[in-house]
Colleague: 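Right, I'll just put the structure down here and ask away after.
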Amino acid sequence: QVQLEESGGGLVQAGGSLRLSCTGSGRTFSAYTLGWFRQAPGKERTFVAAITWDSSSTAYADSVKGRFTISRDNAKNTVYLQMNSLKPEDTAVYYCSYFPWNYWGQGTQVTVSS
């Protein structure tokens, strides 16, 4: 019921920053817990961060805690992922989704060079 589109990926040097955006369309978008996941070639898709509908709670993978921040703007139907202090290990295609993580956007490529 919700269509998702990620943007904001690119090539960045280690230690740099990027901000990803995901815009959703659909009548019930604002009611969903939203999340970011990532997948490197040959690897499984893994959890990065999530945020509840009212931003009252967030969750992060240990690997990104303290470096990434998830936020949302329901008026804009958008969820963001601010990524700071990027590492080469963060290189992946980043996807957004909504709970229970059944559907995904097309993804945006993040490449961190060393």
Side-chain angles (χ1 to χ4, degrees):
Q1 293 184 320
V2 177
Q3 302 293 319
L4 303 168
E5 183 173 352
E6 302 92 342
S7 62
L11 175 64
V12 66
Q13 294 281 328
S17 298
L18 286 172
R19 188 180 75 162
L20 307 184
S21 300
C22 175
T23 298
S25 61
R27 191 178 185 273
T28 62
F29 177 83
S30 63
Y32 286 104
T33 289
L34 303 174
W36 287 95
F37 295 73
R38 64 188 182 185
Q39 186 171 24
K43 306 293 184 179
E44 69 178 11
R45 190 172 299 183
T46 59
F47 171 80
V48 175
I51 186 168
T52 54
W53 74 273
D54 58 353
S55 300
S56 64
S57 183
T58 58
Y60 298 93
D62 288 341
S63 59
V64 307
K65 199 169 297 180
R67 299 187 298 120
F68 291 9
T69 302
I70 189 171
S71 61
R72 67 190 293 169
D73 186 341
N74 287 341
K76 297 181 179 180
N77 294 326
T78 300
V79 60
Y80 305 96
L81 186 69
Q82 178 66 46
M83 306 185 295
N84 298 326
S85 301
L86 282 162
K87 305 175 180 179
E89 308 93 90
D90 297 318
T91 295
V93 178
Y94 283 70
Y95 300 89
C96 66
S97 185
Y98 54 94
F99 188 82
W101 324 128
N102 289 333
Y103 300 97
W104 312 87
Q106 295 299 308
T108 185
Q109 176 71 50
V110 172
T111 303
V112 184
S113 63
S114 58

Colleague: Going from CZ on F47 to OG on S63, what distance comes out if it is rounded to the nearest 0.5 angstrom?
Modeller: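 These two atoms lie 10.0 Å from each other.
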
Colleague: State, to 0.1 Å, how close T108 and G9 come at their nearest heavy-atom pair, and which atoms those are.
Modeller: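 Looking at all heavy atoms of both residues, the closest pair is OG1-N, 3.0 Å.
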
Colleague: State whether the side chain of Q109 and the backbone N or O of G10 hold a donor-acceptor pair below 3.5 Å, judged by distance alone.
Modeller: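 No: the side chain of Q109 does not pair with the backbone of G10.
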
Colleague: Between F68 and W36, does the ring centroid distance fall short of 6.0 Å?
Modeller: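 Not under 6.0 Å, so no.
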
Colleague: Between V79 and I51, does the side chain to side chain contact (heavy atoms under 4.5 Å, CB included) criterion hold? Intermediate values first, please.
Modeller: CA-CA 9 Å; V79 60; I51 186 168; 4.1 Å; yes

Colleague: Going hydrophobic residue to hydrophobic residue with side-chain gaps under 4.5 angstrom, can you get from V48 over to V112?
Modeller: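 Yes, V48 and V112 fall within the same hydrophobic cluster.
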
Colleague: What distance do Y60 atom OH and I70 atom CD1 have between them, rounded to the nearest 0.5 Å?
Modeller: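 Those atoms lie 6.5 Å apart.
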
Colleague: Go through it in stages, so that I can follow the logic: the residues are T91 and T111, the test is side-chain hydrogen bond (donor to acceptor under 3.5 Å, both in side chains), and I'd like the CA-CA distance, side-chain angles, deciding distance and then a yes or no.
Modeller: CA-CA 5 Å; T91 295; T111 303; 5.3 Å; no

Colleague: Answer yes or no: is there a side-chain heavy-atom contact under 4.5 Å between V110 and M83?
Modeller: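 Yes, their side chains come closer than 4.5 Å.
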
Colleague: What pairs meet the ring-ring contact (aromatic ring centres under 6.0 Å, His included) rule with one or both residues in residues 75-95, with sequence neighbours excluded?
Modeller: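 Residue pairs passing ring-ring contact (aromatic ring centres under 6.0 Å, His included), neighbours aside: none found.
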
Colleague: Considering only residues two or more places apart or on different chains, which pairs with a residue in residues 76-96 satisfy salt bridge (charged side-chain N to carboxylate O under 4.0 Å, His left out)?
Modeller: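 Salt bridge (charged side-chain N to carboxylate O under 4.0 Å, His left out) check on residues 76-96 returns R38-D90, R67-D90.
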
Colleague: For the backbone of T23 and the side chain of T78, can you confirm whether one donor and one acceptor N or O come within less than 3.5 Å of each other?
Modeller: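 Side chain of T78 to backbone of T23, a donor-acceptor pair under 3.5 Å: no, none is there.
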
Colleague: Taking only residues two or more places apart in sequence, or in another chain, which ones meet N102 in a side chain to side chain donor-acceptor pair (under 3.5 Å)?
Modeller: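 Result, side chain to side chain donor-acceptor pair (under 3.5 Å) vs N102: none returned.
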
Colleague: Kindly write out the residues that satisfy side chain to side chain donor-acceptor pair (under 3.5 Å) with D73, not counting sequence neighbours, or none if the list is empty.
Modeller: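 By the side chain to side chain donor-acceptor pair (under 3.5 Å) rule, D73 matches no residue at all.
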
Colleague: I'd like to know if the side chain of T58 and the backbone of A50 have a donor-acceptor N/O pair within less than 3.5 Å.
Modeller: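 No, the answer is negative, given that no donor and acceptor are paired below the 3.5 Å cut-off.
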
Colleague: What's the separation between atom OG in S97 and atom OH in Y103, rounded to the nearest 0.5 Å?
Modeller: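 Nearest 0.5 Å value for the OG-OH distance: 10.0 Å.
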
Colleague: To the nearest 0.5 angstrom, please state how far the CD atom of Q106 sits from the SG atom of C96.
Modeller: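 The CD atom of Q106 sits 10.5 Å away from the SG atom of C96.
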
Colleague: Is any side-chain heavy atom of T33 closer than 4.5 Å to a side-chain heavy atom of W101?
Modeller: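 They are in contact (side-chain heavy atoms under 4.5 Å apart), so the answer is yes.
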
Colleague: With sequence neighbours excluded, tell me which residues meet side chain to side chain donor-acceptor pair (under 3.5 Å) with K43.
Modeller: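 With neighbours one apart ignored, the set is empty.
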
Colleague: Side-chain donor-acceptor pairs under 3.5 Å in residues 11-21, sequence neighbours left out?
Modeller:
residue : atom : partner : partner atom : Å
Q13     : NE2  : S113    : OG           : 3.3
S17     : OG   : N84     : OD1          : 2.9

Colleague: To the nearest 0.5 Å, what is the distance between CG on L4 and CH2 on W104?
Modeller: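 The CG atom of L4 sits 10.0 Å away from the CH2 atom of W104.
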
Colleague: Side-chain contact test, heavy atoms from C-beta onward, threshold under 4.5 Å: evaluate it for C22 versus E5 and give yes or no.
Modeller: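 No, too far: nothing below the 4.5 Å cut-off.
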
